[in-house]
Every structure is written in C-alpha cells, then in structure tokens.
Amino acid sequence: MALETAGGSIISKIAELMVEPVGRQFRYMFCFNNFVEEFKERKENLALALDGLQKDVEAAERNAEEIKKGVKKWLEDANNEIEGAKPLENEIGKNGKCFTWCPNCMRQFKLSKALAKKSETFRKLGEISEKFKTVAHKAHPQPIEFLPSKEFTPSESSKEALKQIMKALKDDNVNMIGLYGMGGVGKTTLVKEVGRRAKDLQLFPEVLMASVSQNPNATDIQDRLADKLGLDIKEKSKEGRADRLWQRLKQVEKMLVILDDVWKHIDLKEIGIPFGDDHRGCKILLTTRLQGICSSMECQQKVYLRVLPEDEAWDLFRINAGLRDGDSTLNTVAREVARECQGLPIALVTVGKALRDKSEVEWEVAFRRLKNSQFLNMEHIEEQKTAYACLKLSYDYLKSKETKLCFLLCCLFPEDYNIPIDDLTRYTLGYELHQDVESIGDARKRVYVEIEKLKDCCMLLDTESDEHVKMHDLVRDVAIRIASSKEYGFMVKAGIGLKEWPTSIKSFEACETISLMGNKLTELPEGLECPQLKVLLLEVDDGLNVPRRFFEGTKEIEVLSLKGGCLSLQSLELSTKLQSLMLITCGCKDLIWLRKLQRLKILGLMWCLSIEELPDEIGELKELRLLDVTGCERLRRIPVNLIGRLKKLEELLIGHRSFDGWDGVGCDSTGGMNASLTELNSLSQLAVLSLRIPKVECIPRDFVFPCLLKYHIILGNGFVAGKYPASTRLNLAGTSLNVKTFEQLFLHKLEFVEMRGCGDVSSLFPARLRQGLNNLKEVIVDGCKSVEEVFELGEADEGSSEEKELPLLSSLTELKLRGLPELKCIWKGPTGHVSLQSLARLYLNSLHKLTFIFTQSLAQSLPKLESLHISKCGELKNIIREEDGEREIIPESPRFPKLETLRIYDCGKLEYVFPVSVSPSLPNLEQMTIARNDNLKQLFYGGEGDAHNRDGIIKFPQLRELSLRLRSSYSFLGPRNFDAQLPLQKLTIEGHEEVGNWLAQLQMAIHGQQNDFLQRLEFVRVRDCGDVRAPFPAKLLRALKNLRVEIEDCKSLEEVFELGEADEGSSEEKELPLLSSLTMLHLNRLPELKCIWKGPTKHVSLQSLTLLDLYSLDKLTFIFTTSLARSLPKLERLDIRDCGELKHVIREEDGEREIIPESPRFPELKTLYISHCGKLEYVFPVSMSLSLPNLEEMTISYADNLKPIFYGGEGDALTTVGIIKFPRLKKLSLSNCSFFGPNNFAAQLPSLQILKIDGHKELRNLFAQLQGLTNLETLCLESLPDMRSIWKGLVLSKLTTLEVVKCKRLTHIFTCSMIVSLVQLKVLKILSCEEMEQIIAKDDDENYQILLGDHLQSLCFPNLYGIEIRKCNKLKSLFPVAMASGLPKLQTLRISEASQLLGVFGQDDHASPVNVEKEIVLPNLWELSLEQLSSIVCFSFGSCDFLFPCLGKLKVHQCPKLTTKFATTPDGSMSAQSEVSEIDEDSSINRDWTRNNGWKEYGDSCL
C-alpha cells in the first residue's frame, strides 16, 4: 500500500516536472544535500551580518542617535527569518537518507524546495544589509527646557499671563505674541511653562526656544534652533545658513518659536524663520523687558507680566527666608524688607536667601540699606533700580571675599553661557584667590564650595551638568556693574559679536581684568598698554596673527586665555609673571619660548592642530602643575623624560585623539624615541590623569600606575576621552586584558569600567579583588566572548567589621552587560554580604546562557533601581531565582520601590516575571514592556502561601504605559482571580490569544470607584490578537477620555465600539456623550469587521476626532451614521483604503438618501483620501460642500463604481445655487470618476495648485465642472482615451509641471497662441500618446501663421528645465529648430521609443533660414538621452550645430540611422554636428558619455 502511495505521488510529481522547468525540479529531488549546504551557509552569513549591524545599532544608540526605520525593519525581518528557519533545521535532522524511489522522496522534494526558497530570502536580506552605509542619524534632541520644572510657581499675575498666551496660541488670527515685563519678573520661566503645556496639549508638533540677548547673534540663534531640530547646518555664509534653516522649518506644518530676552527689533528672515504669509503655521512668542519691542515686532497680542502683589510676594519671600508665622517681631521688619523688593521674584528669592537665619539686627540693617539705596546712573527703566539694589544687597551679604570674587568671575563669560567650573579654577590663579592652597585639586574643591554657596542664594543656576553653572542675565548685569568699579577694574565685552577692538574704551590702563571671549576679533592693536592687567580672556578670528609686540605693555599679566588666531610664543617673553596660559584652537609656533615662563603653573594647549611635537624646553617649567594637550590630533612626539622632569605636575590631560605614541621600553637617547609611561612614576604629586594607550605592548613590564585621585585611561581603540576626568574611569576595547594593569587601577578606587571585545578572560572581577567592589559605580561589558561571570564574590569574612558595615557593590549605580555568550551568572558565590542598594539602572542584552538575575537576598536590596531592561536572554527562566525547586514566599518588605521602567524582550524560556507579592513594592512603576517572550504564562504569579491572595488586586498607582507583545496564551497580568488597577495612559496588546482575559481583569476599574483610572487612558493599540470581537464595551467607553486607538490584524474583530443603549435618566450621558474624547482612530487589516460602532449612535459624539484611518476592512459597508456625521467639528484627515464592500461614507437610512441639514459637519477637514473601494457609489451630498471650507487635499482613486463624488437630492438646499465651493483646496486627484458632482453643478477651486486626472471617459464634462483654476501649478492627465484637446477654455499662466500619459487620441499638446501664457512651465512629460503628431500645433488663425516664423525665435519656454518623451510613435520632432534658443534653462532631455521621430528639432515651414543661427547653445543642458529611436536621422534639421557647455551625461542607444556626430570641443563642451552626409559609423553602437569618464561603447547584446 505504501508503495502504491509512493508510486502515485511520484507519478503526480513527474507530471509537475513536465510543466515546471525540468532542471530545477530534478535538483529538488536529487540534490538535497546541496540545498542543505547552501541553506546553512547563507543562514550563517545572514547571522554574521545581523550581529554586525546589531552592534552598529547599539553603538549608535549609545551615542543617542536615532536608528533609521529601514534598519529597524531589516533587523526585525532578519531575526524573524532566522527564527522561522528553525522548523526547517529540525526537518533536516529528521529527513531520511532515502535516495531512490520511496515515500520519503516526496518529503525530501518539498523540503529541498523550502530550503531553496529560504536560502533565497537569506541572500536578499544579506544584499540589503550591504546597502546600509549608516544605521542611524542624529536624533531629534529632547527639549529639556520644556520638561516639568519646580521653577514655575503660579501667581495671579503669571496665571493671567499664561491664560492670555495659551488663548492666543489657539487663535488662528494671532501669530506674534509679546510677553513683556521687567528683568527678573519670571518671563523666561513662564514661557518655558507655555512651551511645556503646548507640547503636552499637542498644539504644535515642534516647540523651539532660543535666547536672543542684548547683542543678538544670528548664527547662535540658528545653531540653537537647528540643534533642537536635529539639523546640521554646514553652510558658512549668513544667507546660506538662513536659507537652510528656512527650508527645514517650512517642512514643519505647525510650530511655536520662543525667542527669549529680545532687546531690539530682529529680522526673522535674516535668521531663517519663515513667518506670516511665508508660513501660516508658525507662531512666535517673544519675551522682552521693553514694551516698545512688542510694537516694533508687530505683536498682535501683548501680555504684561506684572510683579507679584504684596501677599504673594510675602509668601515667596517668607519661604526663601525660612521665616515662621510665629516670629512676629522678625516678621515685621521682614515684611518691610519684602516690600522694598517691590514684588520682583528674583529680588525676593535672592534677598530672602541672603538673610536666611540672620539676626533681627541684621534684618534691620538690610532694610535701611535697601530703603536708602540710590542709583542715579542706572541705564535701564526705573524698576530696574529695585532689582539692582536687591541683588547688590545679596552680593554684599556674601560672607567671604573668595565667594564674592568667584561670583564676579562668572560675569566674564558671555550671556547665557554654560560656565565650566574647571575654567573658573584656572582663572582664580590670577587673583591668588586661595593663597593657602598648594595643589590645583584643593583649589578646585574650594571653587566648588564657593559655587555651591552662590547657587544656594540663587545667584548662580544649575545646568544639566555638574561641571557647569549659569548666571541669570539680570544677575550678570549687576555683577558686571559691580566688577566694573575701580575696586575691581573689570572690562567685560564678552559674547557681543565684536569684530574690531573696542575703541569706546579710552584707556585700558586701569583695567585688571579684560574679557573679550565669545567674539571674533579680526584686528588687534600693535600693543596693549595695560600695566595693571592680571587676566586677559581673548577670542579672535582663526586667521588673525597676534602682533608680536601685543603683550609688551602687560608685564603683570598672570592669566591669559586665547582662542583662535595664530600666536608666536616669543611675544610672551616679557610676560614672566604668567601663571596660567590657555591656548585653544590656536595656531601655535615658537613653543621653545615657553622656557621663559618659569612661574607657569597651568599650561593648556587644547585643540591646537598645528602642534606636532612638544618642545623639550617644557620640561624646564619647574612650577607647572597642570599640562593639558587635549584634542591635539597631530601631536605625535613627546620627548623622552619631558614629563618625568615636571616634578610638581598634578594634572596631565592627553585626551580626545591626542598623543598615544607611548614607547614601551623608554630610552634616554634622543633618537626619535617617545615618552614612556614609566615617566609617570617620577611624578609624586600626580593626581589627575587622562590618556590613551593604544595597545598592551606600550605598557612597560614592571610599570606601576601612580596613586591617582581622578583618571580616565583608555586601553585600546574605540573610545574618546574629551572631558576633564570627574572620577576614576577605565575603558578597554578590542585588546587582551592586562591583568596587572587592571588590578592596579581597580584597587585605586576605580569607579567606572567599560570593556568591549576583550578576550581571554572568564571572570572580570575575581574574588581577590573584592575589596575594590565597593568603589564601583558603573560597569559596562560588551562583546567579551569568554566571560562566564562578572563578579566573583567569594565567602564573607565573618570577623570582618567592614563587611558588615559596607556590603559589597553598595556603590554600584549602573550595570550594562551585552553580547556575552558564555555568561552563566552575574554574581558567583554567596550574595548575603552583597547589597545593590545604589543600583539605579540594569541593562542585560544577548546573554545566551544566563538563567537567573537576582538571588532572593539581592532582590530585597534594590531600593533605588529605576530601570530594568532584559533582552535576548534565551535561557533565562527566573528574574528572581527560585530555590529548592519551589517558589519562595517572599516577605512583604519593598523590593523595587523606585522602579520606573521594566522592559523584557525575547526571553523564550521565561515563564513568570515577579510573584504577585512584589506588586505592592512597585509603587513608582511607570512603563512596562513585555515582548516576544513566548513561554510566558503570567507576568505576576501567585503561590499557595502568597500573603496577597486575599486582596485579589494588583495595584500599580503610577503605571502610565503598558505594552504586551506576546504569542503565548498567558492570562494577562496575574492569576485569573486577580484584578488590576492601572492608571494607564498608553496600552499596547500584540499577539495575544486571550484578549478577553485582560478585559476581564480591567472590569473592576469601570465599576464606580475606579473610573478615574481609565479616564487617564490616552492611547490603545491592539494588534494581531486572536479572539477579540469587541474590545471596547459600553461600560468601558463611559470611563475613557482623550483617547487614540489603533487596531490592526485582528482576524476575529467584528465591531470596535459596543455602544449599548443610552441611559435616559442619566444627566451625565446628556452632558458628556460617549466617545466625545476620541481623538484618533486607526483600523487596519480587520477582515471580519462589519461596523465600527454597534448600537444607536444618537448618544455618541465624535467632537474631538481629528484623524480617521481605515485600511483593508473587507466587510465594512458604511462609516458614519447621519447623527455621527453631524458631530465631527475637529476632523482633519479621513483616509479610506481597500474597503471592498464599502458602499457609503454616510449611511443612507430606509433605503433613501437622508437629507442632512446644512449645519457644518467637517469644518476642519483638510485631507480626504479614498482608494480601492470598488463598491462605493458616492462620497458626500452636495449640501456638505459648504461644510468643507478648509479642505486642502482630496484624492479619489480606484473606486470603479463611483458616480458623482458629490451627489444631489431632490430636497437638497443647494440645488438652486449650482456651485460647489472649495476655497482652500490645493490638491485634487481623481481616478475613474465620471463627474465631480451633478451635471448642473460647477466646482470653484481658486486655490487649486495640483490637479491629477486618471481614467475619465467623459473628461469634457469633468473639466466643465472644474472652474477657477487660475493658480494651478501641476497638471497630470493619464489614461484619457477620448481626450483630443487639453486647453479649451483654460488659461493656466502659473503652470509649472505638465504630465500627459496614455492619452491615445491626443494629437498635440499646445497651440502657438498658448505658449505666451506658459512662461512658468518647468517640467514637461509626454508618455504613451500613440496619436501624438506634434507638441506645438499651429492655430487655425492664418494671420498668426504668417507671424509664426519671427515669433518662434523669441523665448517660448524660458523656465523649462526637464523634458521627457516616450512611446509617442507618430511624433516627427519636438520643436522647430528656431525655438531651440528659447530653452535657456533646459537641464534634462530624455527621448525614447518614438519610432517615427526624425529629429529632436525640426525645420519649420515659416522660419527664415537666414534668421536661424549657425550654432545654437543650450547653456544648462546636463543630461541628453536618445534611446530606441529607429528613424531618427539627425539631432536637428538644417545646417545649425548645437553646443552643450554643461553636459555631464549623454546616452545614445539603438539609433541606427543617426547621422549627427557628437564630439567634445577643446574646452570640454559637447557638440552635436549636423552637417554629416552619411550615417555615423558609430550609430549602430550603443554609446554612453560622461564628463568624468568619457565614452563607453557596447553592442546591443549587452543591453
């Protein structure tokens, strides 16, 4: 019987072989092993490509770049294909060895065929991966200034101003808003709050902010806006930069641009901000101290931010001064002090903090000083005096001169500058600020202390980095005023765009400090006479040579910072008191003269690309404490023993692609040998070190690193060290681990470790090093193939008090492990003496042998864990390890109280995440994503002894985003008897087989008390879920607000919203209809969906819906009921595609079209797109045209049953008017629509710019209905078989693009009389017009024909730059030769498959040969292509030649009769020579020519 079956199968297969290609089919039968080998090879190649691309992606993600969508899709496809190949691999193993006729052969045939198909898929994916030159692009930066801030303290004034601004932002008639008020009143803080709310409310896709300041710099503003847009402006010219920004901003449909601190009128075009008529979607919000600026900038809405009223001012002052209500006596004088601050927030805060904890006497003294303050020389408005007096008082109350001087030094930097604290440290040397401090490290600590004091009293501001501070512009003004007094002698002109030396200063003789940083000075005086000068901060143009005698009059100078320019160090030979010299991006020469500066303590040569070698004389600087050569990319040599002679050196910084040529041996000879690391051992005071060692061989055998306080050491390549080392950091990349070096540094309080691609190591931190584990703060290990465990813990020492006081790893804050295929455990050994009490972030990726993460004891020591990311850990079974084969009953004590983000991907053996008892210890969990963990049963499991079983509730009070993407049949969050309280904002469910379970667990949230939980839900996505039929029952709908819904690929879904009956007695139902907050609805690929809304819709309102997207809904017959169609005041976009059974957009009732009232229905609709709806007969009634005033784009295609788009009925109120008006319609695309509306109707389209018509049989009727096309720019006509003429009754003077395709009866495109009106035409395409005889036909008017000859020589298409003609077989020529000179801008000319074409340019009967030029130039033609023109004889008839001076590409293929000779002229131009009597000998050869590569020839067989 089996043999008969086999015989039947073989016979049927032989029949198949007779039909399909015989060779391929026999290979499937008899070359099975070949297919197996090919399959394995291509799978391995794809896996390697996947691994490489994944590492590139991870590197890009570490660099905060945004991964390209194509790369993401490829990674997903490649992963899926490799995973999907596993069944085939299993089948290969099962397949028998039968090679002859037997039943197994048919199975082998099918398997071979499947393997071949899969191999081809692998090959194609591999080819695609090779095309990815880059995997990412610069990510759109997160607007940090718009994050929630504690700075915004609402007051009555700020609330009112905020209300006015938000109202103006929503007003379409207002596009320029001005917020004005005195300095320090809180304008900047308020507009940041406006920006935050505008983003939260989704008023604008883009909210940008830039500070303008008193001296606006267009480049700085452009850079700030570009950074926020992720735009890289490479142009150098002012106009080019503005144009690039302009074009980028034009792409943003709606945006808010906040310009802060405007002092004078600014030209938005000069910056590159499109505004007004140039960009209707752009709104500007500016802040200024001067009301006149609001008028100058033509603000339609002016908002005044008042100072605080007395009661609110007192509350703010009392909080900052730390006053209690019971201090009646002190509060009396304090109220008087607060009144003197006159409601100014910055004064209230600074004065309040200055007087905090002061005695009553000090309060009284402060009050008298404020009361008696008189500043008659104030330059600004009167109110400014109050701010100055208050801030001056705060300054006076600073306790020490060091704190005061540190404050004043901060004003040396430009306005809104991130001030580096390290720079401040280097400048303080010039003032001998800390005379009792020997080391730079101690001086830096002192500066940090002073900075903290100043921040505490609000005189300095925090930044994103601990290494920088900022100064409020008003505070800076006060600081400059104080510092400019005779006491200090400051002259500050920083960051004001100076290009010339400031001549307004009559004399510099009294100056002790000059700051001209942040400028681009293009000239300097020959000499600077400044005998008292101690500090000079200078920035000049890169090309400026500093005069040799410039520093002769500055012999007292102690601190010099020069950025840019070129400097000979010989010019400093008299500046022998210099203690701090910093040269940045400076062209340095004559470095040997540094030996004259024997008092130098700090030498910085940063990013000086001219330096290739350090002079040996630097070794003579015996007082040098700091040497910084960061960024000197061309530095290749440091002489032997130069570093070793700098005995007082404390800080050596050789980072950011600087010197790395360390000599591994070291030598005292001068034979070109470089410095050796052994020299560092001679530096007994070295405390800070930054350097890179490219390979292990550079480390001498007996070398021991000195004891360092801070360091950043890179061993290997792949890392960049740029910043000042703020901690102890070690990076190892692509090199074998030098155990000795690693242990030395590890025991030197190593805090940050990153290892990439390090081999030959199984345990990174062995037990013998465990004493150093407590210093670790961050550990990153990536791509180390041999690592089996990270931390080898060893046994705890029972007698050790240290172990009890400070558990191991207690300082670790971040741990990232990635690409460790052999890793079996993270912590090896007992964990009872280990605590992860500081761990905030844990990232685990591609750890294929890891089976668990935490032990029970570790799981109870994670009070600060914020992020837990686990992905591609295929053997992971438990997050918290179960012991003795049973789930341990974990105590109720909190475990993850700070956890905010939990993400678990691709962990195929994971069954559970946490026990239910852990849920109370997750009070701050905000985001949870569980994806592709196919073995998962429950997220939270319950045990018999679980203490929380009695509650039956899983609570996550802060959970905002939940994403579950699984294919297992798990029962949602927890056991079936558990409910969940989830205050979600975003919910995603993908690939779930039992969606009913998650709905059941949410049911309790919709019964009475928990309504507020679901009211926060904003976004729901359901994809590829098996059993879901109605995801939104009526009870659920009543609790939902502000909702966006996406549902895709749910094969069983029959309806989306189950509405139920309205509760007649419920006042709530009347006040708030169902779905009134639904904002977006996407429904895609739902084959069983019969209706969107099930049930009566009269108690439903879609009043918030802005977007409706419907795709591939095979059984949907209608979209809206008539009542729903009346409730769409905000709908902006309606997309309907591939809905084959759709008959009505608005359902007709009782078999008749309902006469819908004239009230507006879609007043905000901008885009209507309908495609592939084969049964749709009508779109809207004519009466609805009045309710579409904002429609901008309408596309109707492949709706073969469609009659008029807009239909009219007997009772239609508009039938008497006969006009359909679309005042803003810009784009109209119609396919196979017989009529736009009823026959007696016309459509007025005054704004139409693009018109595309395809497949209309009655075009004349359609054109008759379309009126007012005066602004049409693009016209595309396709598949119009009956069209004989285009232009009857049409005058399109603004037309730029004309495309005519498959218009079979069209004999010409233009008439001569029409050409005059088409001067704007730029692109002309004519394809597959079989009856086309000529492009320009003569008019019927004979008088015009007589004038034609002279007329042809005038410009006819002066802007035409692109022509394409194809498959026009009756066309003899394109234009008369006399018209050729009328194509001055023509760039591209392509002609192909025109069998009767004789020449590109023909001879016109009326053109006088005398008037035709002998040589015609097409000055801008770049590409000329002539293909498959079997009859073409010459390029142009007549005796004229053509010259193409800019031609870059020429193609001549299959033109056998062509006599014209193409040849290059001596100057490189291409010419077409027409006076050739015989066929060109090369005409049968296909020839290509490019300007760069010349001619290339090949025969027809090559094509």
Side-chain angles (χ1 to χ4, degrees), residues 21 23-59 67-99 104-133 135 757 759 782-786 818-823 845-850 871-876 905-909 931-935 965 967 991:
R24 187 191 316 145
Q25 302 301 320
F26 271 101
R27 286 186 70 234
Y28 292 152
M29 288 286 281
F30 302 113
C31 298
F32 173 74
N33 290 334
N34 291 348
F35 286 111
V36 171
E37 291 303 318
E38 182 184 28
F39 167 84
K40 290 181 177 179
E41 181 182 351
R42 289 188 172 166
K43 183 195 171 189
E44 184 179 355
N45 291 340
L46 181 61
L48 291 172
L50 175 62
D51 183 64
L53 202 63
Q54 184 66 48
K55 287 181 178 177
D56 291 343
V57 166
E58 290 167 357
I67 308 303
K68 293 179 179 179
K69 291 181 180 179
V71 174
K72 286 183 178 179
K73 186 178 185 303
W74 187 91
L75 289 172
E76 186 176 347
D77 290 345
N79 270 312
N80 291 340
E81 290 298 335
I82 290 175
E83 287 295 317
K86 288 181 179 179
L88 283 177
E89 291 175 308
N90 295 334
E91 288 298 315
I92 292 172
K94 295 177 185 177
N95 195 60
K97 298 181 180 179
C98 173
F99 189 75
N104 222 20
C105 289
M106 296 306 99
R107 186 168 170 274
Q108 184 166 285
F109 174 90
K110 293 178 180 178
L111 183 55
S112 293
K113 197 169 184 178
L115 289 171
K117 184 177 180 181
K118 184 63 74 172
S119 296
E120 180 63 12
T121 302
F122 288 163
R123 184 189 66 78
K124 289 180 179 178
L125 282 170
E127 287 180 353
I128 293 172
S129 72
E130 293 173 359
K131 297 178 181 178
F132 293 132
K133 303 300 182 185
V135 299
D782 184 1
C784 298
K785 305 301 183 184
S786 303
R818 183 188 301 111
L820 310 177
E822 297 299 321
L823 185 75
N845 176 265
S846 298
L847 313 178
H848 303 313
K849 292 187 178 181
L850 189 70
S871 61
K872 297 182 181 179
C873 297
E875 294 295 318
L876 186 70
Y905 298 87
D906 300 304
C907 297
K909 291 191 177 181
R932 300 184 297 277
N933 304 296
D934 296 340
N935 201 39
R965 304 169 186 173
R967 298 212 168 271

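All residue numbers refer to positions in the sequence shown, counting from 1.
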Restricting to side-chain hydrogen bond (donor to acceptor under 3.5 Å, both in side chains), what partner residues turn up for Glu130, sequence neighbours left out? none

Just to verify, what does Lys73 make a side-chain hydrogen bond (donor to acceptor under 3.5 Å, both in side chains) with, not counting sequence neighbours? Asp77

Could you tell me which residues satisfy salt bridge (Lys or Arg N to Asp or Glu O under 4.0 Å) with Glu41, sequence neighbours excluded, listed by chain and number? none

Minimum heavy-atom distance between Arg42 and Ser119, given as atom pair plus value: CD-O, 3.4 Å

Which residues pass the side-chain hydrogen bond (donor to acceptor under 3.5 Å, both in side chains) test with Lys785, not counting sequence neighbours? none

Under the salt bridge (Lys or Arg N to Asp or Glu O under 4.0 Å) rule, collect the residues that match up with Lys117, sequence neighbours excluded. none

Distance (rounded to the nearest 0.5 Å) between Ser786 OG and Leu823 CG: 12.0 Å

May I ask you to decide if Glu76's main-chain N or O and Asn80's side chain share a donor-acceptor pair within less than 3.5 Å? yes

About how many Å separate CG of Leu48 and CG of Leu53, when rounded to the nearest 0.5 Å? 12.5 Å

Tell me if a side-chain donor or acceptor on Asn933 pairs with a main-chain N or O of Ala931 at a distance below 3.5 Å. yes

Holding to side-chain hydrogen bond (donor to acceptor under 3.5 Å, both in side chains), I want the full list of residues that pass it with Glu822, two or more places apart in sequence or in another chain. Lys849

List in chain and number order the residues that pass side chain to side chain contact (heavy atoms under 4.5 Å, CB included) with Lys872, two or more places apart in sequence or in another chain; answer none if no residue qualifies. Gln54, Asn79, Asn845, Ser846, Asp906

Who are the side chain to side chain contact (heavy atoms under 4.5 Å, CB included) partners of Lys40, not counting sequence neighbours? Val36

Mind checking salt bridge (Lys or Arg N to Asp or Glu O under 4.0 Å) for Glu120 and listing every partner two or more places apart, or none if nothing turns up? Arg123

In terms of heavy-atom contacts, Cys784 and Gly757 come closest through SG-N, 3.9 Å

Which heavy atom of Cys907 sits nearest to which heavy atom of Leu876, and what is that distance? SG-CD2, 4.2 Å

Excluding sequence neighbours, so at least two apart, what forms side chain to side chain contact (heavy atoms under 4.5 Å, CB included) with Lys72? Ile67

What residues form a salt bridge (Lys or Arg N to Asp or Glu O under 4.0 Å) with Glu44, not counting sequence neighbours? none

Could you state the interatomic distance from CG (Leu115) to CZ (Phe35), rounded to the nearest 0.5 Å? 8.5 Å

Leu46 to Ala78 - nearest heavy-atom pair and separation: CD1-CB, 4.3 Å

Minimum heavy-atom separation for Ile82 to Ala47, with atom names? CD1-CA, 4.0 Å

According to side chain to side chain contact (heavy atoms under 4.5 Å, CB included), who are the partners of Ile128, at least two apart in sequence or on a separate chain? Trp74, Phe132

